[in-house]
Amino acid sequence: MIIPKNLEELAAYVDKGQNVFFFTADWCGDCRFIKPALPEIEADFPQYNFIEVDRDEYIDVAAKWNIFGIPSLVVTKDGKELGRLVNKDRKTKAEIEDFLNSL
């Protein structure tokens, strides 16, 4: 999981490559629930860079991308959005993998 150090680094991932942006926050129980499964999900989908985005640290980005519930995922390829799993519901490993396989 890549954790950008600043907005410029985060923006660089939006513009190039195949990326899964994982919006999360330290206080989010549903985020803590899915985090242990993320290394396995990353291993199953090596074609993607997985980027952790702290919703509170990057609140303007979250608002611009209409991320109002977490955990949420947005997938991009070279600056174009391919899909999103955005809601306030708890996510399971199977649900995330099904979503990524559908793209």
Side-chain angles (χ1 to χ4, degrees):
M1 182 76 62
I2 299 165
I3 301 174
K5 294 174 184 58
N6 54 48
L7 188 58
E8 291 76 24
E9 185 180 344
L10 176 61
Y13 288 108
V14 175
D15 292 334
K16 64 177 180 171
Q18 292 191 99
N19 303 297
V20 177
F21 293 90
F22 173 66
F23 285 83
T24 185
D26 290 338
W27 53 264
C28 170
D30 291 338
C31 301
R32 288 194 305 270
F33 171 81
I34 195 59
K35 267 193 175 181
L38 288 175
E40 293 176 36
I41 295 169
E42 285 184 74
D44 291 342
F45 294 89
Q47 68 271 33
Y48 293 110
N49 295 310
F50 285 76
I51 296 119
E52 183 175 316
V53 182
D54 185 303
R55 202 275 322 250
D56 294 337
E57 186 175 340
Y58 296 102
I59 192 73
D60 292 339
V61 173
K64 183 177 179 182
W65 287 19
N66 294 316
I67 308 293
F68 297 108
I70 53 174
S72 286
L73 296 100
V74 177
V75 180
T76 66
K77 181 177 180 181
D78 298 329
K80 293 188 185 338
E81 185 176 312
L82 299 180
R84 56 178 41 223
L85 183 58
V86 175
N87 56 48
K88 62 180 174 55
D89 299 332
R90 177 173 280 189
K91 315 299 187 277
T92 65
K93 179 179 183 250
E95 182 181 9
I96 292 172
E97 290 194 336
D98 287 347
F99 161 69
L100 293 173
N101 280 322
S102 74
L103 301 176

If you look at every heavy atom in [X] and [Y], which pair is closest and at what distance?
X	Y	value
Asp56	Ala25	OD2-CB, 3.9 Å
Glu52	Pro4	O-CD, 3.2 Å
Pro71	Asp30	CD-CB, 3.6 Å

| query | By side-chain hydrogen bond (donor to acceptor under 3.5 Å, both in side chains), which residues pair with Lys88, not counting sequence neighbours? | reply |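 Residues passing side-chain hydrogen bond (donor to acceptor under 3.5 Å, both in side chains) with Lys88: none at all.
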
| task | Using side-chain hydrogen bond (donor to acceptor under 3.5 Å, both in side chains) as the criterion, list what pairs up with Arg32, not counting sequence neighbours. | result |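 side-chain hydrogen bond (donor to acceptor under 3.5 Å, both in side chains) check on Arg32 returns nothing, list empty.
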
| request: Decide whether Leu38 and Ile3 are clustered together by the hydrophobic rule: side chain heavy atoms of Ile, Leu, Val, Met, Phe, Trp, Tyr closer than 4.5 Å, transitively. | output: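 In one cluster with Leu38: Ile3, no.
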
| message | I need the full list of side-chain hydrogen bond (donor to acceptor under 3.5 Å, both in side chains) pairs touching residues 14-25, with sequence neighbours left out, sorted by first then second residue. | response |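 Qualifying pairs, neighbours excluded: Asn19-Asn49.
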
| task | Check whether more than 12 heavy atoms from other residues, nucleotides or ligands sit under 6.0 Å from atom CG of Asp60, and answer yes or no. | result |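 Not buried by this count: 12 neighbours or fewer within 6.0 Å.
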
Atom pairs and distances, donor-acceptor, side-chain atoms in residues 92-100, under 3.5 Å, two or more places apart:
unit_1, atom_1, unit_2, atom_2, d
Thr92, OG1, Glu95, N, 3.0
Lys93, NZ, Glu40, OE1, 3.4

| said: Through direct or indirect side-chain contacts below 4.5 angstrom among Ile, Leu, Val, Met, Phe, Trp and Tyr, which residues connect to Ile51? | reply: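 Ile51 clusters with Ile2, Leu7, Leu10, Tyr13, Val14, Phe21, Phe23, Trp27, Val53, Tyr58, Val61, Trp65, Ile67, Ile70, Val74, Val86.
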
Identify every side-chain donor-acceptor pair in residues 75-82 under 3.5 Å, counting partners at least two apart or on other chains, and give the distances.
unit_1, atom_1, unit_2, atom_2, d
Asp78, OD1, Gly17, N, 2.8
Glu81, OE1, Arg84, NH2, 3.2
Glu81, OE2, Arg84, NE, 2.8

